[in-house]
2 protein chains.
Amino acid sequence: MKEGPDIAQIGSLIGDPARANMLTALMGGKALTATELAGTAGITLQTASSHLSKLEAGGLIGQRKQGRHRYFALADDDVGLLLESLMGFAAHRGFTRHRTGPKDPALRKARVCYNHLAGDYGVRMLDSLVAEEVIAGAGDDLTLTETGAGKMTALGIDLSALTRSRRPVCRTCLDWSERRSHLSGSLGQALLTLFLDKGWARRETDSRAVRFTGTGEKEFARLFPLPA
Amino acid sequence: MKEGPDIAQIGSLIGDPARANMLTALMGGKALTATELAGTAGITLQTASSHLSKLEAGGLIGQRKQGRHRYFALADDDVGLLLESLMGFAAHRGFTRHRTGPKDPALRKARVCYNHLAGDYGVRMLDSLVAEEVIAGAGDDLTLTETGAGKMTALGIDLSALTRSRRPVCRTCLDWSERRSHLSGSLGQALLTLFLDKGWARRETDSRAVRFTGTGEKEFARLFPLPA
DNA sequence: TCGATGCTTCGGTTAGCATCGAAGTATGAA
DNA sequence: TTCATACTTCGATGCTAACCGAAGCATCGA
């Protein structure tokens with residue numbers, strides 16, 4: 001009777017407050033156990049288990065058994081992109097869960113978007129990468145240039161590993177706080193991992209915020225200069 | 001307690017099948033009456049009225065009184081973009097409302113995405129515009145070049161009117177069938193209007209599909225050539 | 001083998017909301 | 001004025017789904 005895809009199923013999956021809380025928690029990028037997710041959502045373990053099985057059936061999350069723990073994570077990058085764009089829309093319309101709190105500035109400055117860097121720093125990084133001609137392309141079709149490949153390898157990123165996987169290397173993701181694009185894809189993930197491994201930045205506990213250290217700030221400014 | 005925007009409210013708004021049907025109907029770009037929307041959703045007028053007031057309170061749609069009719073339309077471009085990205089996700093995961101029907105090929109070829117062209121033709125048009133250097137930019141930051149401005153004016157598009165408005169002129173929108181970007185924004189809208197005004201294409205009744213005429217196909221191929 | 005932990009499944013309760021009939025309001029036509 | 005159309009509001013109903021207690025299953029350590 002009706003044509004096209006069915007957005008209602010996904011909408012109702014995200015539409016429940018408990019499930020939405022779990023999904024935003026998983027946007028932090030870390031895999032979490034059912035007990036942890038039940039805590040953040042403010043519900044009992046039984047209820048959480050029911051929600052998690054629904055989210056898994058809907059293909060939004062996946063689970064990995066490890067000992068007697070069961071770790072849940074977002075299914076793939078696409079889910080992260082969708083959630084971020086939903087957050088962007090919600091933030092712009094003033095759908096906030098509490099009046100913007102103290103953590104808000106830190107979140108807007110730099111945060112984890114599933115597996116890559118978002119916020120002001122994320123947007124600035126993509127701007128710089130494009131200005132420095134590391135990445136080229138229009139629309140959502142971003143490609144790593146030859147000079148860019150050299151620079152990334154010099155940073156210690158194993159490009160052959162990135163291209164071997166089936167995931168796209170460069171991808172845009174709409175930032176909810178900046179309302180502009182930042183870098184997603186396997187390269188975006190590799191760069192965030194680099195920052196954390198080098199000790200340039202640390203993840204806040206129980207938050208998506210990313211805090212840069214002093215040297216981290218300097219290295220970031222050196223690696224990703226802005227044209228103007 | 002929780003940080004960041006609340007996606008659950010929007011999710012639950014879209015999560016109801018009746019409301020989702022109405023929203024997809026409104027993605028056709030035409031403003032529709034409450035009676036028409038009740039028909040497409042398969043519910044009575046009273047129920048539809050209740051849903052419509054909820055959608056309006058949530059800022060997803062707006063209404064315009066005209067005589068004893070009340071015309072409903074999507075609130076703005078952002079809603080269209082959000083719905084299209086949701087459809088892309090749903091289509092990719094196989095959330096379809098009925099096994100892909102006979103209208104499906106036509107929809108994938110060319111359709112209306114709220115107020116601009118989508119589908120294979122929409123994606124090809126943006127590809128061509130970038131290749132011909134009418135539009136430049138990376139990520140979501142598209143800009144009309146000087147030569148591009150000349151070409152668009154030659155087509156009969158009033159650029160001063162587009163730039164006067166507060167809406168962005170060029171914008172990307174992720175196509176659910178092609179999973180690539182097509183052109184949105186006021187320029188995208190102006191181009192679709194041009195096709196329809198010139199008689200190069202016609203909108204199907206009761207569908208988002210756009211059917212190009214013989215001369216329309218030729219003009220489209222002439223105006224938007226592909227590099228390869 | 002026993003207990004502890006982590007999670008799922010089952011059963012029953014409850015609350016919210018979609019739904020529609022009926023009545024009320026506004027606009028237009030006769 | 002009177003009737004018809006378009007839509008909203010109210011009130012009642014019924015169904016779904018979120019929720020939790022209790023029991024069951026799996027894994028780990030002792």
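Atoms considered below: every heavy atom in the structure, side chains included; atoms not considered: hydrogens, waters and symmetry mates. We name chains A, B, ... by the order of the sequence lines, and we start the count at 1 in each one.
In the set dT8(D), dT27(D), dA18(D), dA18(D) carries the atom at the smallest distance from any side-chain atom of D16(A). Counting only heavy atoms from C-beta on, R19(B) has its side chain closest to dA18(C) among dC7(C), dA18(C), dC19(D). Distance from the side chain of K65(B) is smallest for dT27(C) among the nucleotides dC20(C), dG21(D), dT27(C). In this structure, the nucleotide among dT9(C), dA4(C), dC19(D) sitting nearest to the side chain of I43(A) is dC19(D). Distance from the side chain of A18(B) is smallest to dT19(C) among dA4(D), dT8(D), dT19(C). For R68(A), whose side chain is taken as the heavy atoms from C-beta onward, the closest listed nucleotide among dG6(C), dT8(D), dT8(C) is dG6(C).
Take the nearest nucleotide of DNA chain D for T44(A) and for Q63(B): the residue whose nucleotide is more 5' is Q63(B).
The existence of a salt bridge linking E84(A) and R111(A) is confirmed by a sub-4.0 Å separation between a basic side-chain nitrogen and an acidic carboxylate oxygen.
Stacking of R124(A) on the aromatic ring of Y121(A) is recorded, both the 6.0 Å distance cut-off and the 45° axial limit being met.
Checking the phosphate oxygens (OP1, OP2) of dT19(C), a side-chain nitrogen or oxygen of H51(B) falls inside 4.0 Å. For dC20(C), the OP1/OP2 oxygens have a side-chain nitrogen or oxygen of T47(B) closer than 4.0 Å.
Atom P of nucleotide dC19(D) and atom CE of M22(A) are separated by 9 Å, given to the nearest angstrom. As rounded to whole Å, 13 Å separates atom C1' of dT5(D) from atom OH of Y71(B). One atom, CZ of F72(A), and another, P of dG6(C), lie 14 Å apart when rounded to the nearest Å. As a whole-Å value, the separation of R70(A) CZ from dT5(C) P is 19 Å. Protein atom CD of Q66(A) is 16 Å distant from nucleotide atom C1' of dT5(C), rounded to whole Å. Atom NE2 in H69(A) sits roughly 12 Å away from atom P in dT5(C) (whole-Å rounding). Computed from coordinates, the L45(A) CG to dA18(D) P distance equals 16 Å when rounded to whole Å. To the nearest angstrom, C1' of dC25(D) lies 15 Å from CD of Q46(A).
Residue contacts for S53(A): at a heavy-atom cut-off of 4.0 Å it reaches no nucleic acid atom on any strand shown. Heavy atoms of S50(A) sit nowhere under 4.0 angstrom from any nucleic acid atom.
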Applying side chain to side chain contact (heavy atoms under 4.5 Å, CB included), run through L13(A) and R19(A) and close with a yes or a no. CA-CA 7 Å; L13(A) 272 180; R19(A) 285 194 291 262; 4.2 Å; yes
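Side chain to side chain, T33(B) and E36(B) meet the donor-acceptor criterion of an N or O pair below 3.5 Å.
In this entry dA22(C) has dT9(D) as its Watson-Crick or G-U wobble partner, both defining distances falling under 3.5 Å.
For the pair I14(B)/L83(B), a side-chain contact is recorded, criterion being any heavy-atom separation below 4.5 Å from C-beta on.
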